[in-house]
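Below is one structure, written out as structure tokens; the observations come after it.
Keep in mind it's a predicted model, so treat the numbers as computed, not measured. Atoms within a ligand are numbered from 1 in the order they appear, just like the ligands themselves. Index from 1, following the sequence.
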Amino acid sequence: MSLIRLSCALGLLCFAAATAATPVRGADKSPPPAPAAMHERLDQISQDPASLAEAVQRGQKAASVCRHCHGTGGNSVMPDVPNLASQNAAYLLEQMNKFVSGQRKSSAFMEGLIKALPPEDRIDIALYLSRQPVARKPVDAGAQSAAGKQMYDKLCVSCHGANGSGSRKIPRLAGQQGEYVIDSLQRYRSGSGERIDPRMAAYTRNLNDAQIRQLAAYLASLE
Ligand code: HEC
Ligand code: HEC
């Protein structure tokens with residue numbers, strides 16, 4: 001039992017303990033922190049090596065259930081399940097918060113799992129996954145990926161970066177699972193509600209399915 005919970009349960013020092021706590025690990029009955037406060041906390045932890053090491057350890061524990069789909073250390077082996085290893089922490093946190101708020105839709109099971117995570121676990125998990133190494137996979141760098149590179153360099157590089165590593169809330173795409181990338185691009189394009197983002201809607205509007213497959217093949221080939 002944490003010190004805060006213990007002192008609150010005893011009715012002693014509750015206020016003092018809660019105010020001394022971090023904004024995210026507040027007293028049990030406080031409303032959930034706003035996403036902006038969670039991102040601030042994530043940045044704070046990232047800048048302090050000792051807090052970061054502790055958060056990564058907690059995150060590894062909290063993420064054990066995620067392994068069944070996202071693979072060991074977030075290296076997915078299922079084509080339609082995204083890799084989370086080395087993904088940008090702020091992006092991971094933002095997407096988890098989007099599942100919780102309903103701005104992003106997925107299977108009920110996956111949404112339920114994320115909704116059940118306390119805010120501090122979401123921060124720890126994002127930090128843990130962002131620091132996991134990517135497992136190399138053999139890729140087929142054929143004609144599809146050459147055509148994909150041309151499009152990527154013209155349309156996507158300004159945000160996602162030359163090596164597909166993104167930054168902060170812009171996702172890393174390098175080595176991402178092919179079917180997942182195809183599904184995601186089609187969803188942004190259709191505006192059907194699973195994934196809504198005005199920037200990605202604009203950049204996928206004029207892509208046909210063949211071009212989307214070429215882009216996915218190129219992204220899978222990036223390390
Ligand atoms: C039953 C399989 C399953 C489990 C278990 C699961 N996920 Fe997922 N997860 C998925 C699938 C499938 C997607 C792709 C969702 C989509 O876009 O429709 C996904 C997407 C995500 C994304 C978005 C990734 C991106 O690149 O945008 C995050 C973040 C995520 N999961 C985190 C987690 C965490 C954290 C856990 C454990 C608490 C977890 N998932 C457990 C199947 C699962
Ligand atoms: C103006 C900046 C910008 C440009 C240009 C851009 N993207 Fe994105 N992209 C984003 C942002 C921001 C997100 C996260 C949106 C969200 O929250 O769903 C994203 C998400 C994605 C995702 C989902 C990744 C995941 O892990 O789920 C894919 C795939 C993607 N972009 C591919 C592309 C491709 C391919 C292009 C070029 C055709 C492109 N993007 C151009 C900003 C951009």
Side-chain angles (χ1 to χ4, degrees), residues 35 59-71 73-74 76-101 103-118 121-130 132 145 147-161 164-189 191-208 211-220 222:
Q60 178 169 21
K61 248 196 206 155
S64 61
V65 59
C66 322
R67 230 183 16 225
H68 297 295
C69 294
H70 291 283
S76 168
V77 293
M78 292 191 243
D80 57 342
V81 178
N83 288 325
L84 304 177
S86 287
Q87 184 54 274
N88 302 315
Y91 171 77
L92 288 170
L93 177 59
E94 180 163 84
Q95 296 304 310
M96 284 189 260
N97 287 339
K98 282 187 171 183
F99 286 127
V100 172
S101 71
Q103 278 175 282
R104 179 172 174 180
K105 309 250 183 321
S106 183
S107 71
F109 184 70
M110 159 78 195
E111 276 184 34
L113 269 181
I114 303 287
K115 282 180 181 156
L117 293 173
D121 283 9
R122 279 177 247 153
I123 295 172
D124 293 341
I125 288 175
L127 288 164
Y128 161 70
L129 290 168
S130 69
Q132 295 314 296
S145 92
K149 175 176 168 47
Q150 251 187 356
M151 264 182 291
Y152 183 84
D153 287 348
K154 197 164 125 210
L155 296 172
C156 324
V157 76
S158 60
C159 290
H160 291 282
S165 61
S167 64
R168 295 185 60 79
K169 291 180 181 172
I170 299 196
R172 181 178 194 277
L173 302 176
Q176 191 48 283
Q177 300 291 86
E179 234 173 81
Y180 171 72
V181 168
I182 292 171
D183 285 349
S184 298
L185 292 176
Q186 289 175 339
R187 287 170 171 182
Y188 287 125
R189 183 181 64 183
S192 53
E194 291 100 339
R195 295 201 79 171
I196 303 285
D197 182 79
R199 294 157 292 188
M200 283 307 301
Y203 278 91
T204 48
R205 190 164 297 134
N206 298 318
L207 297 177
N208 62 37
Q211 290 172 317
I212 285 181
R213 281 195 298 275
Q214 290 164 347
L215 281 161
Y218 174 60
L219 293 170
L222 291 178

**OP:** Mind listing the closest non-hydrogen atom pair of Ile212 and Arg189 along with its distance?
**Re:** CD1-NH1, 3.8 Å

Original post:
So which protein heavy atom does atom 22 (C) of ligand 1 come closest to, and at what separation?
Top reply: Phe99 CE1, 3.6 Å

**OP:** Determine, using heavy atoms of Arg172 and all atoms of ligand 2, whether some pair is separated by less than 4.0 Å.
**Re:** no

**OP:** Looking only at distances, please establish whether an N/O atom of ligand 2 is found under 3.5 Å from an N/O atom of Arg195.
**Re:** yes

Original post:
What's the shortest distance from atom 25 (C) of ligand 2 to any protein heavy atom, and which residue and atom give it?
Top reply: Tyr91 OH, 3.1 Å

**OP:** Return yes if a side-chain donor-acceptor contact under 3.5 Å exists between Arg122 and Gln95, otherwise no.
**Re:** no

Original post:
Can you name the residues that form a side-chain hydrogen bond (donor to acceptor under 3.5 Å, both in side chains) with Arg205, not counting sequence neighbours?
Top reply: none

Original post:
Do we see a donor-acceptor contact under 3.5 Å between the side chains of Ser184 and Gln186?
Top reply: no

Subject >> Polar proximity ligand 1 side, Gln95 side, N/O cut 3.5 Å exclusive >> reply: no

**OP:** Check whether any heavy atom of Met151 sits under 4.0 Å from an atom of ligand 2.
**Re:** no

**OP:** Using distance alone, determine whether Ser184 and ligand 1 share an N or O pair under 3.5 Å.
**Re:** no

Subject >> Tally, protein N/O/S atoms nearer to atom 8 (Fe) of ligand 2 than 2.8 Å >> reply: 2

Original post:
If you measure every N/O of Gln176 against every N/O of ligand 1, is any gap under 3.5 Å?
Top reply: no

Original post:
Where does Leu185 meet ligand 2, judged by heavy-atom distances below 4.0 Å: at the side chain, the backbone, both, or neither?
Top reply: side chain

Original post:
Which value, rounded to the nearest 0.5 Å, describes the distance between Leu92 atom CG and Tyr128 atom OH?
Top reply: 12.0 Å

Subject >> Sidechain N-carboxylate O distance under 4.0 Å for Glu94, Lys169 >> reply: yes

Subject >> Among Ser165, Pro82, Pro171, side chain to side chain contact (heavy atoms under 4.5 Å, CB included) partner for Gln87 >> reply: Pro171

**OP:** Please round to the nearest 0.5 Å and tell me the distance separating atom CG of Leu93 and atom CG of Asn97.
**Re:** 4.5 Å

Original post:
How far does SG of Cys156 sit from CG of Leu215, to the nearest 0.5 angstrom?
Top reply: 5.5 Å

Original post:
Of all the non-hydrogen atoms in the protein, which one sits nearest to atom 17 (O) of ligand 2, and at what distance?
Top reply: Lys98 NZ, 2.6 Å

Original post:
Which of the numbered atoms in ligand 1 are below 4.0 angstrom from a heavy atom of Ile125?
Top reply: 35 (C)

Original post:
At a 4.0 Å threshold, what atoms of ligand 1 neighbour a non-hydrogen atom of Phe109?
Top reply: 1 (C)

Subject >> Nearest-0.5 Å distance that lies between atom CG in Leu173 and atom CG in Leu222 >> reply: 8.5 Å

Original post:
In Å, rounded to the nearest 0.5 Å, how long is the span from SG of Cys66 to CG of Leu117?
Top reply: 7.0 Å

Original post:
Applying a strict 4.0 Å limit to heavy atoms, is Met78 in contact with ligand 1?
Top reply: no

**OP:** Kindly give the heavy-atom pair with the smallest separation between Leu207 and Met151, and that separation in Å.
**Re:** CD2-SD, 4.2 Å

Original post:
Of the non-hydrogen atoms in Gly193 and Ile196, which two are nearest, and what is the gap between them?
Top reply: CA-CD1, 3.8 Å

Original post:
What is the number of protein N, O or S atoms that sit under 2.8 Å away from atom 8 (Fe) of ligand 1?
Top reply: 2

Original post:
Which protein non-hydrogen atom lies closest to atom 26 (O) of ligand 1, naming both residue and atom, and how far is it?
Top reply: Tyr180 OH, 3.4 Å

Subject >> Candidate with minimal heavy-atom separation from atom 16 (C) of ligand 1, of Arg67, Glu194, Arg187 >> reply: Arg187

Original post:
Does ligand 2 have any atom that is closer than 4.0 Å to a heavy atom of Tyr152?
Top reply: no

Subject >> Residue pair Ser167 / Asn88: nearest heavy atoms and the distance that separates them >> reply: N-ND2, 3.4 Å

Subject >> Heavy atom of the protein closest to atom 29 (C) of ligand 1 (residue, atom name, distance) >> reply: Leu92 CD2, 3.8 Å

Subject >> Set of side-chain hydrogen bond (donor to acceptor under 3.5 Å, both in side chains) partners for Ser76, sequence neighbours left out >> reply: none

**OP:** Among all protein heavy atoms, pick out the one at the shortest distance from atom 23 (C) of ligand 1; state its residue, atom name and that distance to 0.1 Å.
**Re:** Arg104 NH1, 3.4 Å

Subject >> Gap between atom CG of Asp80 and atom OH of Tyr180 - 0.5 Å precision >> reply: 10.5 Å

Original post:
Considering the options Arg213, Met200, Gln211, which one meets the side chain to side chain contact (heavy atoms under 4.5 Å, CB included) requirement together with Leu185?
Top reply: Met200

Original post:
In terms of side-chain geometry, is the basic nitrogen of Arg187 or Asp183 positioned less than 4.0 Å from the acidic oxygen of its partner?
Top reply: no

